[in-house]
2 protein chains.
Amino acid sequence: MSQTPIVNQIRKLRFEHGEMTQEALAKATGVTRQTIIALEAGRYAPSLELAFRIARSFRLRVEDVFQWPDS
Amino acid sequence: MSQTPIVNQIRKLRFEHGEMTQEALAKATGVTRQTIIALEAGRYAPSLELAFRIARSFRLRVEDVFQWPDS
DNA sequence: ACGGAATGTACGGTGTACTTGACATAGCCG
DNA sequence: CGGCTATGTCAAGTACACCGTACATTCCGT
């Protein structure tokens with residue numbers, strides 16, 4: 001579709017959740033560490049399924065973790 | 001990632017929004033009619049960006065349109 | 001009975017999300 | 001100093017989201 005205008009708060013949320021490590025989040029969401037690194041770096045947006053899993057890991061809603069320009 | 005356990009309410013919402021046509025939703029969200037058909041048929045889950053666009057078209061939040069087993 | 005609108009299927013093709021694996025660096029602790 | 005943890009990079013491969021085009025079907029209005 002396009003060049004990832006979607007922003008996320010993953011890195012910030014990781015620290016707010018007890019110094020959670022990238023590896024820990026990766027395992028909790030069932031993806032590799034590479035994927036978490038890429039997402040935090042904003043290299044691409046996650047699939048909807050992964051977005052759900054990440055949000056659930058933080059006990060938040062999708063839109064609390066990911067934001068999209070428009071509103 | 002996996003075999004699309006994500007469910008959506010697109011078809012239902014289309015009708016609740018003034019008999020909105022698949023083509024109309026496609027144009028409103030910037031994708032083709034094929035994509036809307038595939039999503040309604042549950043053939044695959046949309047990208048996070050498209051999920052946002054669809055939700056916004058209905059003036060709803062992502063999780064009001066798409067659901068994922070887990071809760 | 002014909003025409004158009006709405007929905008659906010079936011191709012092949014492209015871009016990208018995600019993977020595995022290997023290696024680099026910085027910080028901390030013994 | 002030597003080793004471990006956390007973070008990051010690079011590269012090649014797989015899976016699938018989305019595209020374009022073309023064609024079939026059903027329904028409705030005229």
Side-chain angles (χ1 to χ4, degrees), chain A residues 1-70, chain B residues 1-70:
Chain A
M1 306 238 342
S2 60
Q3 19 71 38
T4 311
I6 294 184
V7 189
N8 71 72
Q9 310 296 325
I10 297 181
R11 196 175 194 89
K12 185 179 160 202
L13 291 167
R14 257 195 322 118
F15 291 115
E16 293 177 2
H17 277 247
E19 300 291 329
M20 185 186 226
T21 197
Q22 289 180 333
E23 174 111 33
L25 178 57
K27 277 184 179 147
T29 53
V31 293
T32 63
R33 200 167 55 85
Q34 312 304 324
T35 301
I36 303 298
I37 291 175
L39 292 181
E40 288 191 358
R43 274 195 270 279
Y44 51 71
S47 63
L48 179 56
E49 180 173 353
L50 180 51
F52 265 111
R53 290 197 191 157
I54 293 175
R56 291 293 181 274
S57 291
F58 293 129
R59 299 174 181 279
L60 293 174
R61 287 169 306 165
V62 171
E63 293 159 352
D64 293 327
V65 184
F66 303 92
Q67 292 88 34
W68 182 65
D70 157 281
Chain B
M1 306 233 346
S2 57
Q3 17 72 40
T4 313
I6 295 183
V7 188
N8 71 72
Q9 310 298 323
I10 298 180
R11 195 174 195 91
K12 185 180 160 203
L13 291 166
R14 260 197 316 119
F15 290 115
E16 293 177 1
H17 276 248
E19 300 292 330
M20 185 186 224
T21 197
Q22 288 180 335
E23 174 110 32
L25 178 58
K27 275 183 180 150
T29 53
V31 293
T32 63
R33 200 167 56 84
Q34 313 304 323
T35 300
I36 303 298
I37 291 175
L39 292 180
E40 288 192 358
R43 275 195 269 281
Y44 51 72
S47 64
L48 179 57
E49 180 173 351
L50 180 51
F52 265 111
R53 290 195 191 156
I54 293 175
R56 292 295 183 274
S57 291
F58 293 129
R59 299 175 183 278
L60 292 173
R61 284 168 308 163
V62 171
E63 291 156 342
D64 293 328
V65 183
F66 303 91
Q67 291 87 36
W68 182 64
D70 157 282

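Since this is a predicted model, take the numbers as computed values, not measurements.
Formation of a donor-acceptor pair under 3.5 Å by the B:Glu63 side chain with backbone atoms of A:Arg61 is not found in this model. Listed for the B:Asn8 side chain is a donor-acceptor partner under 3.5 Å among the backbone atoms of B:Leu39. Here the side chain of B:Arg11 pairs no donor or acceptor atom with the backbone of B:Glu40 at under 3.5 angstrom. In this structure a side-chain-to-backbone donor-acceptor pair under 3.5 Å is missing from A:Thr35 to A:Val31. Under a 3.5 Å cut-off, the side chain of A:Arg33 and the backbone N or O of A:Glu23 do not form any donor-acceptor pair. Between the side chain of B:Thr21 and the backbone N or O of B:Ala24, no donor-acceptor pair lies under 3.5 Å.
Between C:dC18 and A:Ser47, a contact under 4.0 Å exists linking OP1 or OP2 to a side-chain N or O.
The separation between B:Ile6 atom CD1 and D:dC16 atom C1' is 13 Å, rounded to whole Å. For B:Lys27 and D:dG20, the NZ to P distance is 13 Å, given to the nearest whole Å. In this entry the distance linking CD1 of B:Ile36 with P of C:dT9 reads 15 Å, nearest Å. For the pair A:Leu39 CG and D:dG8 C1', the interatomic distance rounds to 14 Å; values are reported in whole Å. Between the C1' atom of C:dA6 and the CG atom of B:Leu25 lies a distance of 14 Å, rounded to the nearest Å. Note: CD1 (A:Ile10) to P (D:dT7) measures 13 Å, nearest angstrom. Taking atom CZ of A:Arg43 as the reference point, atom C1' of C:dT19 lies 15 Å away to the nearest angstrom. Atom-to-atom, CE of A:Met20 to P of D:dT5 comes out at 18 Å; the value is rounded to the nearest Å.
When distances run from any side-chain atom of A:Thr21 to the nucleotides D:dG8, D:dC18, D:dT7, the shortest one goes to D:dT7. Here the nucleotide nearest the side chain of B:Val31, chosen from C:dT19, D:dC18, D:dG8, is D:dC18. The side chain of A:Arg11 has D:dT7 as its nearest neighbour among D:dC18, D:dT7, C:dG8. Ranking C:dT7, D:dT9, D:dT7 by closeness to the B:Arg14 side chain, first place goes to C:dT7. When distances run from any side-chain atom of A:Gln22 to the nucleotides D:dG8, D:dC18, C:dT19, the shortest one goes to D:dG8.
Across the interface with DNA chain D, nearest-nucleotide mapping of B:Thr32 and A:Glu23 shows A:Glu23 to be the residue nearer the 5′ end. Each of B:Ala41 and A:Leu48 has a nearest nucleotide on DNA chain C; the 5'-most of these lies closest to B:Ala41.
Side-chain contact of A:Gln67 with A:Gln9: a donor-acceptor pair under 3.5 Å is present, judged by distance alone.
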Just by protein heavy atoms under 4.0 Å, how would nucleotides 21-30 of chain C read 5' to 3' in B, S and -? BB--------
